[in-house]
There are 2 protein chains.
Amino acid sequence: MVTILDVARLAGVSKATVSRALNGKVFVREEVKARIMQAIDETGYKPNQLARNLANNKTNSVGLVITNGLYNGPFFSSMIYHAATDSEMHGRQLVLADGKHSAQEERDAIDLLLSLRCEAILIYPKYLTVAELDEIIDTSETPIVVINRELTRNRSQCVFVDHQQSSERMVAYLLAQGHTRIAFVAGFEGSPTGDSRLAGYHQALRNAGIEPDPQLLVRGSWSTDSGYAAGRELLARNVPFSCVLAGNDDMAIGVAKACQEAGLRLPEDVSLAGFDDSVIGKYYNPALTTLHVPMDEMIRHAVAILLLPDETPPRAHQGELVCRESVVKVG
Amino acid sequence: MVTILDVARLAGVSKATVSRALNGKVFVREEVKARIMQAIDETGYKPNQLARNLANNKTNSVGLVITNGLYNGPFFSSMIYHAATDSEMHGRQLVLADGKHSAQEERDAIDLLLSLRCEAILIYPKYLTVAELDEIIDTSETPIVVINRELTRNRSQCVFVDHQQSSERMVAYLLAQGHTRIAFVAGFEGSPTGDSRLAGYHQALRNAGIEPDPQLLVRGSWSTDSGYAAGRELLARNVPFSCVLAGNDDMAIGVAKACQEAGLRLPEDVSLAGFDDSVIGKYYNPALTTLHVPMDEMIRHAVAILLLPDETPPRAHQGELVCRESVVKVG
DNA sequence: CTGTTAGCGCATTCAT
DNA sequence: ATGAATGCGCTAACAG
């Protein structure tokens, strides 16, 4: 491996001068600089970022922890996209770490990023609880921001939308369209996002004086496949409903498939809605009514909190109802 | 920052002993080890991976270069997913770098990963040509594997499928269904993948004695939005066709939207097919006929070439025709 | 403006 | 089995 010393010798200067010529903070005679550049060319020298980082005690990188199984699918791909874009905008490199399948592994992923000396860490938790996250942030010297959880103590270290309220708004809209028998495809049992959306569904129904029918509740696990399975389960129960609200768009599209296989037409026979506003919903036939989650805005905010803490006040993010063709008026 | 020295002092041993206790290659008395572990606990010591990497001259990481604008969308999300999974399977960490918007920036991304001392690099090129990639690989000491290009010299350093042949098979199938007026939505001008698929389309038509009609060719840029625009453009030309083949599934779904808006029913009035076999195609209504690209298999192979070069013979990857509902027989 | 010296935190000789 | 010394490649004082 060719090091800075090789370049220095070839150029007939000291290591320090090469370093200075490269980093440009201190002036180096043009003539010397030229010799150095030529030596770099000849040797094919590439600075060792590792050594540089160690000497500077900084890495210019931000870490992102998400559960591997979730990279797939439009939601997380959009998240990685924005995390990478925004990091680079601040001159930082994004490093991914896998939260895998347990709270412990999510901790391990954070530790890995910490040991890599990332300047800041972004986490979209799946298993770690709010209490655990608060604890981790309390004891961490490097800034950590949590996406999609409302923390108790470190309220400025998180970005999120109010899923329950969003869900209430969605259900209120469905009710306003005349639907009273609204089925709900929940997410994972224990998923805070899923639970909040479910709670919003229940709340909105009760606000309208409707007692939720447990027969109208099925569970999926966020994927399109699971939505399809949930849809079939719902249909097999043979209970009447005029509308299905799925915990996210992916599942909604799975439900649509199940309905169509059963000979139901969308939206004539059954209305359908989801959450997240993923790209496909816009192009699906019928175009999917959904609740937009401003991922771009949230990630931009999260990265700003990490990297420019003084200039970044906490602020709320709002979901937005997107009405398209998949929901029709009834009654 | 708590270092190995703090731990050593607290445990009343030398840095070397702590290091040994941690790495486990050399035996350390159980009793001493216990003291060290306790000291680690008390101090909250986290090894500095940077320093460790520098001392070891290895990083346990593999880099992935792709163009940022492409992270989005199911195709690349699946790629990142598999790259991360397979890397971790080999005990390596995935580091993303952005190829941005030019060949130079793709080079820069590689250089960044090189300077980070990644052990190996994976690149899904967009701007760099085969000749340039061959040149880069020739002069690089760290292994580089190119995804989705057939290299000229470094034939064992790339994984790809034959897009032209796949496309020919697809078009042959469409012809066999009785379609003779088949429109084609190409990708970027100059995209090797897009050009190969287009070439396959032309070849298959000529094989069947049909002269390609330029009126049936439109261009998109891989995104669903661009497919929609291309679809509208095609319809505006007012030329007859019974089938549209899009350069990828995303664009196919955009085309579908355009057709439906024009009052055409799928697949009764127009058949539709794509490439890639993205998740949504399976659930789309009608389910999309497509050509499966074995991304999982290709990435697994690529990572194996990088990390286990001796055990990994080069081999061809095959696309596979997936016939679903969006294409119907005519005539 | 440039050379010399001293670390950054850790792993790894060589001693003992 | 453990300690002391050395070096990984680079940057940052400190001199001149």
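Just so it is clear: chains get the letters A, B, ... in the order the sequence lines come, proteins before strands, and each one is counted from 1. Please read all numbers here as calculations on a predicted model, not as lab measurements. Computed from heavy atoms alone, side chains included, the values below leave out hydrogens, waters and symmetry copies.
- In this structure, CG of B:Leu54 is placed 8 Å from C1' of C:dC10, rounded to the nearest angstrom.
- As judged by a 4.0 angstrom heavy-atom cut-off over every strand, A:Asn57 is placed among residues making no nucleic acid contact.
- Taking atom CD of residue A:Gln49 and atom P of nucleotide C:dC8, one finds them 20 Å apart after rounding to whole Å.
- Nearest-nucleotide positions on DNA chain D place A:Met1 closer to the 5' end than the other of A:Lys25 and A:Met1.
- Across all their heavy atoms, B:Val161 and B:Pro294 have their closest contact at CG1-CD, 4.0 Å.
- The listed nucleotides are C:dT12, D:dT11, C:dC1; the one nearest the side chain of A:Phe27 is C:dC1.
- Listed candidates were C:dT12, C:dC8, D:dA12. Nearest to the side chain of A:Ala16 is D:dA12.
- By the 30° and 60° cut-offs, the orientation of the rings of A:His301 relative to A:His317 is tilted.
- Within the nucleic acid shown, B:Thr3 comes within 4.0 Å of sugar-phosphate atoms alone, with no base atom in reach, counting heavy atoms only.
- Looking at heavy-atom distances under 4.0 Å, B:Val13 makes contact with sugar-phosphate atoms alone, never a base.
- Taking atom CG of A:Leu114 as the reference point, atom P of C:dG9 lies 15 Å away to the nearest angstrom.
- As rounded to whole Å, 15 Å separates atom C1' of C:dT5 from atom CG of A:Leu5.
- Per the geometry, CG belonging to A:Leu50 stands 15 Å off C1' belonging to D:dT11, to the nearest Å.
- Along DNA chain D, the nucleotide closest to B:Arg117 and the one closest to B:Val28 are compared, and the more 5′ of them pairs with B:Val28.
- Side-chain proximity of B:Ala55 to D:dT2, C:dG9, C:dA6: nearest is C:dG9.
- Side-chain nitrogen and oxygen atoms of A:Asn53 include none within less than 4.0 Å of the OP1 or OP2 phosphate oxygen of D:dC10.
- For B:Ser19, taking side-chain heavy atoms from C-beta onward, the closest of the listed nucleotides C:dT4, C:dT12, D:dC10 is C:dT12.
- Between the CD1 atom of B:Ile4 and the P atom of D:dG7 there is a distance of 19 Å, rounded to whole Å.
- Of the possible donor and acceptor atoms, none in the side chain of B:Gln157 sits under 3.5 Å from a partner among the backbone N and O of B:Val145.
- In terms of phosphate contacts, A:Arg52 brings a side-chain nitrogen or oxygen within less than 4.0 Å of OP1 or OP2 of D:dT11.
- Residue A:Tyr45 contributes atom OH, which lies 7 Å from atom C1' of D:dG9 at whole-angstrom precision.
- Residue A:Leu114 comes nearest to A:Thr142 through the heavy atom pair CD1-OG1, 3.2 Å, listed as atom of the first residue, atom of the second, then distance.
- When all heavy atoms of A:Lys33 and A:Val28 are compared, the closest pair comes out as N-CG1, 4.1 Å.
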A:Ser191 vs A:Thr193, side-chain hydrogen bond (donor to acceptor under 3.5 Å, both in side chains): CA-CA, chis, key distance, verdict: CA-CA 5 Å; A:Ser191 148; A:Thr193 301; 4.6 Å; no
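- Direction change of the helix axis from one end of the helix from C:dC1-D:dG16 to C:dT16-D:dA1 to the other is 40°, with five pairs defining each end axis (rounded to 10°).
- Residues B:Phe76 and A:Tyr81 place their aromatic rings such that the two centres sit no closer than 6.0 Å.
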Any chance you could lay out the salt bridge (Lys or Arg N to Asp or Glu O under 4.0 Å) test for B:Arg92 and B:Glu88, step after step, and finish with the verdict? CA-CA 5 Å; B:Arg92 308 306 205 287; B:Glu88 298 234 4; over 6 Å; no
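- Between the NZ atom of A:Lys58 and the C1' atom of D:dC10 there is a distance of 14 Å, rounded to whole Å.
- Using a 4.0 Å heavy-atom criterion, one finds that A:Asn23 contacts the sugar-phosphate atoms exclusively.
- In terms of phosphate contacts, B:Arg20 brings no side-chain nitrogen or oxygen within less than 4.0 Å of OP1 or OP2 of D:dA1.
- Look at A:Thr17 and you'll find a side-chain N or O under 4.0 angstrom from OP1 or OP2 of C:dG3.
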